[in-house]
Amino acid sequence: MAAESSRLPERIDRDAPIFAISVAARLAGMHPQTLRTYDRLGLVSPRRTSGRGRRYSPRDVERLRLIQHLSQVEGINLEGIRRILQMQDLVDELQGQVQALEERLREALAAPAGSRFFTADPSGSVRMGSSVGRPPRALTVR
């Protein structure tokens, strides 16, 4: 039992707010004041502790490293970096939506042919259901 509790998880949550600002700054190769500035500018938004201290996730540290690369190596100013990050966030969001839609499609294709049906309401929501009593699940198509 003791061996199991001392084992690390197989996968570390990339969004877990685990690093204090000093650690995140060291991992990103930056000064803590730079991280505060990027937080104020909205480039990286760490979570806050109950005492309002910043906590950075591994994903935040990756983003800080990207900002540093874009600024120092590529010569892009902070406004350009902000726009790049916004576009990357949108791409990530859209990729998540595509994955969700692909999963829904796999589920629909796996259902017996006679039990598949879709309905749409005036707002544009499409619902996938089953004639065997399973309630329909909403799927919003934009």
Side-chain angles (χ1 to χ4, degrees), residues 1-30 32 34-142:
M1 184 78 147
E4 281 188 42
S5 63
S6 66
R7 291 173 50 194
L8 291 173
E10 290 183 26
R11 184 177 170 276
I12 295 175
D13 183 359
R14 293 182 59 227
D15 295 312
I18 55 177
F19 303 119
I21 191 167
S22 59
V23 176
R26 190 171 35 240
L27 291 170
M30 298 177 175
T34 305
L35 274 63
R36 291 182 188 95
T37 300
Y38 290 169
D39 185 9
R40 268 193 311 278
L41 295 173
L43 296 176
V44 176
S45 299
R47 295 206 195 136
R48 300 291 183 144
T49 65
S50 58
R52 302 293 299 147
R54 293 171 174 87
R55 287 293 182 266
Y56 291 83
S57 69
R59 187 183 308 268
D60 292 332
V61 172
E62 286 176 26
R63 191 172 178 111
L64 289 166
R65 288 178 177 166
L66 174 61
I67 292 169
Q68 185 175 48
H69 173 80
L70 292 172
S71 174
Q72 293 181 359
V73 176
E74 303 295 333
I76 300 171
N77 65 23
L78 291 178
E79 178 58 24
I81 291 171
R82 187 185 62 75
R83 293 178 126 188
I84 289 168
L85 294 175
Q86 284 177 334
M87 288 187 285
Q88 184 61 55
D89 290 344
L90 179 59
V91 167
D92 292 345
E93 179 184 332
L94 292 172
Q95 286 175 334
Q97 289 179 11
V98 166
Q99 288 175 351
L101 290 170
E102 287 173 341
E103 177 60 29
R104 297 288 305 277
L105 180 59
R106 279 191 291 279
E107 289 174 7
L109 293 173
S115 67
R116 288 182 264 168
F117 71 91
F118 297 87
T119 59
D121 63 29
S123 71
S125 291
V126 176
R127 298 191 182 273
M128 180 179 76
S130 168
S131 60
V132 293
R134 192 170 17 142
R137 293 183 0 189
L139 171 64
T140 303
V141 179
R142 298 178 195 187

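This structure is a prediction, so every number in the text was calculated from the model and none was measured.
By the side-chain hydrogen bond (donor to acceptor under 3.5 Å, both in side chains) test, E79 pairs with R82, sequence neighbours left out. Remark: D15 engages D13, R47, R59 in a side-chain contact (heavy atoms from CB on, under 4.5 Å) (not counting sequence neighbours).
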Quick one, L35 with R54, criterion side chain to side chain contact (heavy atoms under 4.5 Å, CB included). Give me CA distance, side-chain angles, the key distance, then yes/no. CA-CA 10 Å; L35 274 63; R54 293 171 174 87; 5.9 Å; no
So E93 and D89, side chain to side chain contact (heavy atoms under 4.5 Å, CB included) or not? Walk me through it. CA-CA 6 Å; E93 179 184 332; D89 290 344; over 6 Å; no
With side chain to side chain contact (heavy atoms under 4.5 Å, CB included) as the test, would you mind laying out the steps for Y56 and V44 before giving the verdict? CA-CA 9 Å; Y56 291 83; V44 176; 4.0 Å; yes
Does the side chain to side chain contact (heavy atoms under 4.5 Å, CB included) test come out yes or no for D92 and Q95, once each step is laid out? CA-CA 5 Å; D92 292 345; Q95 286 175 334; 3.8 Å; yes
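When all heavy atoms are compared, the tightest approach of V61 to A28 is CG1-N, 4.4 Å. Here the shortest heavy-atom pairing between L64 and M30 reads O-CE, 3.0 Å. Residues R65 and L27 share a closest heavy-atom pair of NH2-O, 2.9 Å. Closest of all the heavy-atom pairs between R63 and L85 is NH2-CB, 3.2 Å.
The neighbour count for R83 CZ, taken as heavy atoms of other residues, nucleotides or ligands under 6.0 Å away, does not exceed 12.
Side-chain atoms of E102 and V98, non-hydrogen and from C-beta on, do get closer than 4.5 Å to each other. Between T49 and P17, every side-chain heavy-atom pair lies at or beyond the 4.5 Å cut-off.
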